[in-house]
Undergrad: 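Got a structure here, written out as structure tokens. Questions coming.
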Amino acid sequence: MKRKLIAMGVLGSILLLGAVNWSACTARKTATSSTGEVAPEKPAEVPPAVPAFIAEIQEKVKGKENLPAEEVFENIEILKGMPAGKVLPIMRMGFSKGLGVKCSHCHEFGDWASESKPAKQVARDMWVMTGKINQELLAKIPNLESENPAVNCTTCHRGEVKPALSME
Ligand code: HEC
Ligand code: HEC
């Protein structure tokens, strides 16, 4: 059980690290128009979310950042054992930004514990799939460059709901 929790913590960190690195790249990108003009650099896009709702969640977590997520939130399955303070960053950077969607793709705004949107359960299944790829498949491939090679939501989704199957 303990090993499982550690594995999840590692996966959470991978999720975030991957998303943060990726967002750093997009933030630096400058658009070039067809006439070759370089458009002014756009500010890094914050995942779309209603600030009041975010503040409400931050308030709920305040002082309980290191408690297990399931002790602070109502309906936690995959993030059990994850520090509560990591839940919102995973939602924003890993899930919303990784898929290029708003919170409302998986939630009714404000009713976060609800299971009304099927995409929420898909995200849980994707989390489990990602963990299996990393721990059971990728980890067994010899001669890879990285010491701990990993995929996360961004690896496949790259800011899109539907991952690409070919180069455009
Ligand atoms: C791709 C789907 C997806 C997106 C997008 C998403 N979430 Fe989540 N969210 C989930 C899943 C899945 C869970 C349940 C996690 C679990 O089972 O441990 C969850 C749980 C939560 C919880 C805990 C609710 C509770 O009390 O149980 C909060 C709060 C939350 N999300 C906020 C947000 C916010 C804010 C955003 C936008 C910045 C967001 N989520 C975007 C899938 C998503
Ligand atoms: C190995 C590649 C891969 C990884 C890693 C991956 N996904 Fe997916 N995801 C897919 C594919 C393929 C689909 C199906 C798209 C389709 O319908 O053709 C999908 C679909 C989804 C959908 C349903 C899209 C919709 O219409 O709402 C959600 C939600 C989702 N993924 C969330 C996640 C989350 C969250 C993570 C990280 C925990 C993740 N995915 C990691 C490949 C991946």
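Every number for a ligand or one of its atoms is a count from 1 in the order of the listing.
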Undergrad: Taking the non-hydrogen atoms of Ile133, is any one of them nearer than 4.0 angstrom to ligand 2?
TA: yes
Undergrad: How wide is the angle at atom 8 (Fe) of ligand 1 spanned by His107 NE2 and Met91 SD, rounded to 10 degrees?
TA: 170°
Undergrad: Between Glu74 and Lys60, does any side-chain N to carboxylate O distance fall below 4.0 Å?
TA: yes
Undergrad: Which is closest to atom 16 (C) of ligand 1 by heavy-atom distance: Arg92, Glu56, Glu77?
TA: Glu77
Undergrad: Is the shortest N/O to N/O distance between Ala119 and ligand 1 below 3.5 Å?
TA: no
Undergrad: Would you say Lys120 touches ligand 1, if touching means a heavy atom closer than 4.0 Å?
TA: yes
Undergrad: Does the side chain of Leu138 reach to within under 4.5 Å of the side chain of Lys132, using non-hydrogen atoms?
TA: no
Undergrad: Between Thr155 and ligand 2, find which residue part has any heavy-atom pair under 4.0 Å and reply side chain, backbone, both or neither.
TA: neither
Undergrad: What atoms of ligand 1 come within less than 4.0 Å of a heavy atom belonging to Glu74?
TA: 25 (C), 26 (O), 27 (O)
Undergrad: Using heavy-atom distances, let me know which of Val161, Val101, Val128, Leu165 sits nearest atom 26 (O) of ligand 2.
TA: Val161
Undergrad: Atom 35 (C) of ligand 1: which of Trp112, Phe53, Trp127 has the nearest heavy atom?
TA: Trp112
Undergrad: Under 2.8 Å from atom 8 (Fe) of ligand 2, is there any N, O or S atom belonging to Met126?
TA: yes
Undergrad: Quick check: closest heavy atoms across Arg124 and Asn75, and the distance to 0.1 Å?
TA: NH2-O, 3.2 Å
Undergrad: Nearest N/O/S atom of His157 with respect to atom 8 (Fe) of ligand 2, by atom name, please.
TA: NE2
Undergrad: For ligand 2, is any non-hydrogen atom under 4.0 Å from Pro163's backbone (N, CA, C, O), its side chain (CB onward), both, or neither?
TA: side chain
